[in-house]
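Structure first, then comments.
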Amino acid sequence: MLIAAIFVYAIAMTLANLSIATFGVWVSPINAFLFIGLDLALRDWLQMQIKAWQMAALIVVSGALTYALNQGAGMIAVASAASFMLAALADWAVFSKITGSWFKRANVSNVAGAAVDSVAFPTIAFGVLMPEIIAMQFAAKVMGGGFWAFLIKRKI
């Protein structure tokens with residue numbers, strides 16, 4: 001299960017980027033729910049399974065992989081790699097400070113990660129602040145994170 005979770009964590013961002021590059025910004029709320037929400041919740045589960053240095057390495061390697069596999073997507077790849085790493089670090093920091101059940105910690109930290117990613121990605125990718133896209137992405141990431149955290153919790 002651990003190896004599969006690491007693989008899914010690393011590949012989710014790449015799939016999100018390819019669909020944005022292919023279909024444009026309108027697909028970002030769908031990606032936010034499906035892929036980013038999954039990534040945020042799965043990152044929290046992985047944090048409980050591996051050591052801190054391994055989690056840090058996974059975040060950096062996944063960010064680099066996200067860029068390397070999507071270089072043709074230009075600024076979308078840059079924005080995704082940067083926002084992915086920033087969001088993962090914000091999520092990690094909040095998750096580490098909160099006490100309580102994994103489910104509670106995951107959902108609270110997902111809000112922080114979703115906020116960082118929702119502002120960083122579209123702003124870097126498209127070079128302009130897009131409040132409507134940010135709001136839609138944030139809501140979709142929080143809901144997606146909750147959905148995926150619920151499914152992960154049921155499997156634990």
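Side chains of F138 and V111 form a contact here, defined as non-hydrogen atoms less than 4.5 Å apart. For the pair M55/I59, a side-chain contact is recorded, criterion being any heavy-atom separation below 4.5 Å from C-beta on. The closest side-chain heavy-atom distance from V142 to N107 is not below 4.5 Å.
Nearest heavy atom pair, residue D117 against residue S83, reads OD1-OG, 3.1 Å. Considering every non-hydrogen atom in both N110 and A41, the closest pair reads OD1-N, 3.9 Å. Across all their heavy atoms, V94 and A112 have their closest contact at CG2-CB, 3.6 Å. Heavy atoms only, all atoms of each residue included: A106 and A149 are closest at CB-CB, 4.5 Å. Annotation for I98 and R105: closest pair O-NE, 2.9 Å, computed over non-hydrogen atoms. In this structure, S118 and I134 approach most closely via the heavy-atom pair O-CG1, 3.2 Å.
Exactly one of F84, W45, F35, W148 qualifies for a ring-ring contact (aromatic ring centres under 6.0 Å, His included) with Y9. That residue is F84. Tested against I6 for a side chain to side chain contact (heavy atoms under 4.5 Å, CB included), the candidates V61, I11, L42, L58 yield a single pass: L58.
Residues in residues 45-57 take part in no salt bridge (charged side-chain N to carboxylate O under 4.0 Å, His left out) pair, two or more places apart or across chains.
One finds the CD1 atom of I30 at 9.5 Å from the CZ atom of F23 (value rounded to the nearest 0.5 Å).
Connection of V116 to M136 is not established within any shared hydrophobic cluster, with ILVMFWY side chains joined at heavy-atom distances below 4.5 Å, either directly or through further cluster members. V119 and I124 are not part of a single hydrophobic cluster, where members link through side-chain heavy atoms under 4.5 Å apart. When the side chains of ILVMFWY residues are joined at heavy-atom separations under 4.5 Å, either directly or via intervening members, F95 and V108 end up in two distinct hydrophobic clusters. Note on L46 and L89: same hydrophobic cluster, where clusters join Ile, Leu, Val, Met, Phe, Trp and Tyr whose side-chain heavy atoms are under 4.5 Å apart, directly or indirectly. I133 and L34 end up in the same hydrophobic cluster when Ile, Leu, Val, Met, Phe, Trp and Tyr side chains are linked at under 4.5 Å.
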**OP:** Determine, step by step, whether T22 and V27 satisfy the side chain to side chain contact (heavy atoms under 4.5 Å, CB included) criterion, reporting the C-alpha distance in whole Å, the side-chain angles of both residues, the deciding distance to 0.1 Å, and the verdict.
**Re:** CA-CA 9 Å; T22 302; V27 79; over 6 Å; no
**OP:** Would you check, one step at a time, whether the test side chain to side chain contact (heavy atoms under 4.5 Å, CB included) holds for F121 with I36?
**Re:** CA-CA 11 Å; F121 176 75; I36 313 307; over 6 Å; no
**OP:** Would you check, one step at a time, whether the test side chain to side chain contact (heavy atoms under 4.5 Å, CB included) holds for R43 with L40?
**Re:** CA-CA 5 Å; R43 198 221 56 75; L40 290 168; 5.8 Å; no
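In this structure, I3 has no side chain to side chain contact (heavy atoms under 4.5 Å, CB included) partners at least two apart in sequence or on a different chain.
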